[in-house]
Amino acid sequence: MGFTTNPYDKETNNKNNAFGSKFLDNNYILLQYQKQNLLGPIGVQTGFMLTHFSNARFKAPNSGINSYSFTFGLNYNFDKDKQIIKDSLPNSKSYAEKIKYNLAFRTGVSEAPVVGIGQRQFYHIGLYADKRFNRKSVIQFGTDVFFSRYLKDYIQFSSVAFPDKKPVDPNTDYKRIGVFVGHELFINKLSIETQFGYYVYKPFKYDINIYQRLTLKYYINKNIFTGIGLKTHKAKAEAAELTLGIRL
């Protein structure tokens with residue numbers, strides 16, 4: 001999570017197009033190399049890091065800020081005596097499963113990229129099949145149906161706001177349908193879900209046709225899961241999704 005003390009305000013801070021709200025989503029990706037016990041218990045580590053702050057289109061404006069950095073540091077190993085512990089878990093083949101079928105309902109609030117147009121609820125429904133191969137990995141294939149109500153407002157806005165461009169029919173369907181492939185990495189009851197999709201139905205020509213989703217899921221039991229995720233078009237966030245689903 002992130003917090004800013006001076007977000008966009010129409011009267012007092014109208015040049016701040018990076019942050020439209022005080023509370024922000026903070027993501028970082030770190031690629032790091034670590035070498036322990038290089039000089040006794042002292043080692044080194046170095047890498048590259050990307051840090052991103054935005055509100056995931058919860059409220060406009062939302063261009064966000066990306067920071068790229070190089071890291072270098074020392075580490076100290078307090079475990080003087082190395083102990084090798086044999087993995088007592090069953091063979092990974094015992095985790096293989098038959099094809100499972102999933103229904104995921106995702107919702108939240110987002111706003112079109114126009115200041116003051118208003119926040120709207122969205123409903124994203126995912127239907128997909130998955131196949132678990134081992135203890136860690138599941139491969140997915142399925143479809144999404146998007147009912148993003150902010151697009152309905154944006155279509156109306158675009159039909160009258162840009163007379164110099166190709167006219168937009170105010171009755172254009174705002175719904176979208178996509179197909180996707182994905183991977184799920186299991187960590188006990190938690191999992192990290194990564195999906196890459198393509199819109200096969202998108203009457204309103206807005207943004208690119210490829211979308212991505214990154215979700216942190218928690219399995220309440222073997223069939224019911226919940227989660228929170230981010231849906232994007234490349235590096236451009238569209239929605240922060242709250243998920244409730246079933247896997248059978």
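Treat the numbers as computed from the prediction; the structure is a model and nothing was measured. Side chains included, hydrogens not; waters and symmetry mates left out as well; all remaining heavy atoms used. Heads up: numbering here begins at 1 and tracks the sequence.
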Using the six-membered ring of F122, assess whether NZ or CZ of K231 lies under 6.0 Å from its centre and within 45 degrees of the ring axis.
->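 Pair K231/F122 does not count as cation-pi.
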Would you say [X] has more than 12 foreign heavy atoms packed within less than 6.0 Å of its [atom1]?
| X | atom1 | value |
| --- | --- | --- |
| N188 | CG | no |
| K136 | NZ | no |
| I29 | CD1 | no |
| K202 | NZ | yes |
| K217 | NZ | yes |
| L39 | CG | no |
| F105 | CZ | yes |

Side chains of [X] and [Y]: is there a donor and an acceptor less than 3.5 Å apart?
| X | Y | value |
| --- | --- | --- |
| H124 | S148 | yes |
| Y206 | H233 | no |
| Y150 | E238 | yes |

Is the shortest distance from a Lys or Arg side-chain nitrogen in E97 or R247 to a carboxylate oxygen in the other one below 4.0 Å?
->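 Yes, this pair counts.
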Give the minimum heavy-atom separation between R120 and I117, together with the two atoms involved.
->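 So the minimum-distance heavy-atom pair works out to NH2-O, 4.2 Å.
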If every non-hydrogen atom of L216 is compared with every non-hydrogen atom of I192, which pair is closest and at what distance?
->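 For L216 versus I192, the nearest heavy atoms are CD1-CG1, 4.3 Å.
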A18: partners by side-chain contact (heavy atoms from CB on, under 4.5 Å), with sequence neighbours left out =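 A18 satisfies side-chain contact (heavy atoms from CB on, under 4.5 Å) with N16, S63, I65 only.
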Applying side-chain contact (heavy atoms from CB on, under 4.5 Å), name anything that partners Q140, two or more places apart in sequence or on another chain.
->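 Y128, D130, V138, F180, E184, E193, Q195.
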Indicate, with yes or no, if the rings of Y154 and Y174 have centres closer together than 6.0 Å.
->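 Centroid separation for Y154 and Y174: 6.0 Å or greater.
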Apart from V115 itself, what residues make up its hydrophobic cluster when side-chain heavy atoms of I, L, V, M, F, W and Y under 4.5 Å apart count as a link, directly or indirectly?
->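 Y8, which link up through side-chain heavy atoms under 4.5 Å apart, make up the rest of the cluster.
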Any donor and acceptor pair, going by atom type alone, linking the side chain of N26 with main-chain N or O of G2 inside 3.5 Å?
->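 No, the answer is negative, given that no donor and acceptor are paired below the 3.5 Å cut-off.
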Say whether F204 and F157 are linked into one hydrophobic cluster, either directly or through other cluster members, by side-chain heavy-atom distances under 4.5 angstrom.
->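 Yes, one cluster joins them.
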